[in-house]
There are 2 protein chains.
Amino acid sequence: MLPIDRVFHALGDPTRRAMVEYLSAGPLPVTRLAEPFPMSLAAVMQHVRILEASGLLKTEKTGRVRTCRVEPAGFAVVDEWVRRRRANWNTRFDRLEGLLRE
Amino acid sequence: MLPIDRVFHALGDPTRRAMVEYLSAGPLPVTRLAEPFPMSLAAVMQHVRILEASGLLKTEKTGRVRTCRVEPAGFAVVDEWVRRRRANWNTRFDRLEGLLRE
DNA sequence: GAAATAGTCAAGTAAACACTTAAGTATTGA
DNA sequence: TCAATACTTAAGTGTTTACTTGACTATTTC
């Protein structure tokens, strides 16, 4: 699975997006991050792992506490993809292109 | 399902993202759009419907041909979400915030 | 050192998802 | 008008996903 696939897949789930939103306000331990979510800690951890694997989050364990923080670089992937699409449809003359494609 | 959920869910699938990429170069009929994908037309149509429901695409049927085109407004949703996250983590002093949150 | 805390691991489950095939409709071209 | 084209609809299928529960480990705290 490509990195970009992992990022978009990770953000495709509303729970994970909400987690990113919570963490955008600052780092939190898993247990604190889990508080607003009506699910088990184990489930939250599974989401955290997916977000981490995608590069949107980084986690670090000190003692028994694992702290999660947002990784800005992960978002650049999304940003750049959108930017590229826009570059495409802005840089051409719709009418002409449409005709040429037939 | 919220509009933003629909957009991110739609982009969470690699096939659908690829379709958006193809259509970024200009509008195409469903059959033409389907060409590069190793799956049935029916499957492609299902993806098109999901993309359309999310607001990333618009389609128009003239005669027996349904033409698909990218809808720039759909991407603004993604863009703005990323922008908001960034606004959060840029507008604060990480150290201080981290301490205050305990 | 015993009990509470914070996370980890593994196995299971129900629902959602990405397809398929097959039959059907509307439009176009010869 | 007949056949080909371009979808459309519906029903079915295997896989992935988002969870659960329960048992376990490591770290603090009292």
Side-chain angles (χ1 to χ4, degrees), chain A residues 1-23 26-69 98 101-102, chain B residues 1-23 26-69 98 101-102:
Chain A
M1 205 186 192
L2 297 163
I4 191 167
D5 289 335
R6 268 193 273 265
V7 172
F8 275 101
H9 170 252
L11 292 175
D13 181 77
T15 301
R16 284 193 289 267
R17 243 180 9 262
M19 287 177 175
V20 168
E21 288 171 17
Y22 277 104
L23 290 171
L28 286 173
V30 176
T31 306
R32 291 283 311 278
L33 173 64
E35 279 167 13
F37 298 96
M39 64 182 71
S40 67
L41 223 204
V44 170
M45 272 303 303
Q46 285 167 21
H47 284 303
V48 167
R49 282 194 196 297
I50 288 167
L51 285 165
E52 192 175 13
S54 78
L56 289 161
L57 248 56
K58 278 211 170 155
T59 76
E60 195 190 351
K61 195 162 184 180
T62 331
R64 61 183 168 177
V65 177
R66 179 174 297 276
T67 304
C68 311
R69 72 182 66 246
R101 277 202 144 200
E102 282 166 28
Chain B
M1 208 186 188
L2 297 164
I4 191 167
D5 288 335
R6 268 194 274 265
V7 173
F8 276 101
H9 170 251
L11 293 176
D13 182 76
T15 301
R16 284 193 291 267
R17 247 186 1 267
M19 287 176 176
V20 169
E21 288 171 16
Y22 277 105
L23 290 171
L28 286 174
V30 176
T31 306
R32 291 285 310 278
L33 172 64
E35 279 168 12
F37 299 96
M39 64 183 70
S40 68
L41 224 203
V44 170
M45 271 304 301
Q46 286 166 19
H47 284 303
V48 167
R49 282 192 196 298
I50 289 168
L51 285 165
E52 192 175 12
S54 78
L56 288 161
L57 248 57
K58 277 208 170 154
T59 76
E60 195 190 350
K61 196 162 183 181
T62 328
R64 64 186 165 174
V65 177
R66 179 174 297 277
T67 304
C68 312
R69 73 183 63 244
R101 278 202 143 199
E102 279 165 31

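Throughout, a chain's letter reflects where its sequence line sits, starting with A, and its residues are numbered from 1.
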Rounded to the nearest 0.5 Å, the CZ atom of Arg66(A) sits from the CG atom of Leu33(A) at a distance of 12.5 Å
How long is the straight-line distance from CG of Leu23(A) back to OG1 of Thr67(A), given to the nearest 0.5 Å? 10.5 Å
Could you state the atom-to-atom distance from [atom1] of [X] to [atom2] of [N] in whole Å?
X: Phe37(B); N: dA18(C); atom1: CZ; atom2: C1'; result: 14 Å
X: Arg64(A); N: dA6(C); atom1: CZ; atom2: C1'; result: 6 Å
X: Gln46(B); N: dT13(D); atom1: CD; atom2: P; result: 16 Å
X: Arg17(B); N: dA18(C); atom1: CZ; atom2: P; result: 12 Å
X: Arg49(B); N: dA18(C); atom1: CZ; atom2: C1'; result: 16 Å
X: Arg66(A); N: dA26(D); atom1: CZ; atom2: C1'; result: 12 Å
X: Met45(A); N: dC24(D); atom1: CE; atom2: C1'; result: 15 Å
X: Glu60(B); N: dC7(D); atom1: CD; atom2: C1'; result: 16 Å

If you define the side chain from C-beta out and look only at heavy atoms, does anything of Leu57(B) sit under 4.5 Å from Met19(B)? no
Contact check, side chains of Cys68(A) and Thr59(A), non-hydrogen atoms, under 4.5 Å: yes
From CA spacing to verdict: salt bridge (charged side-chain N to carboxylate O under 4.0 Å, His left out), Arg32(A), Glu35(A): CA-CA 5 Å; Arg32(A) 291 283 311 278; Glu35(A) 279 167 13; 3.7 Å; yes
Using a heavy-atom distance cut-off of less than 4.0 Å, which residues of residues 5-13 of chain B contact DNA chain D? none
Within the structure, does a side-chain N or O atom of [X] lie under 4.0 Å from either OP1 or OP2 of [N]?
X: Thr15(A); N: dT17(D); result: no
X: Lys61(A); N: dT8(C); result: yes
X: Ser40(B); N: dC19(C); result: no
X: His47(B); N: dC19(C); result: yes
X: Arg32(B); N: dA6(D); result: no

If only atom types and distance count, is the side chain of Arg6(B) paired as donor or acceptor with the main-chain N or O of Gly55(B) below 3.5 Å? no
Apply the test side chain to side chain contact (heavy atoms under 4.5 Å, CB included) to residues His9(B) and Arg16(B): give CA-CA distance (whole Å), side-chain angles for both, the deciding distance (0.1 Å), then the verdict. CA-CA 10 Å; His9(B) 170 251; Arg16(B) 284 193 291 267; 3.8 Å; yes
So which one's nearest nucleotide on DNA chain D is more toward 5', Pro38(A) or Leu41(B)? Leu41(B)
Mapping Met39(A) and Gly63(A) to their closest nucleotides on DNA chain D, which lands nearer the 5' end? Met39(A)
So Thr31(B), base contact, sugar-phosphate only, or nothing? Heavy-atom distance under 4.0 Å. sugar-phosphate
Nucleotide nearest Ala42(B) (side chain, heavy atoms from C-beta), chosen from dA10(D), dA18(C), dT8(C): dA10(D)
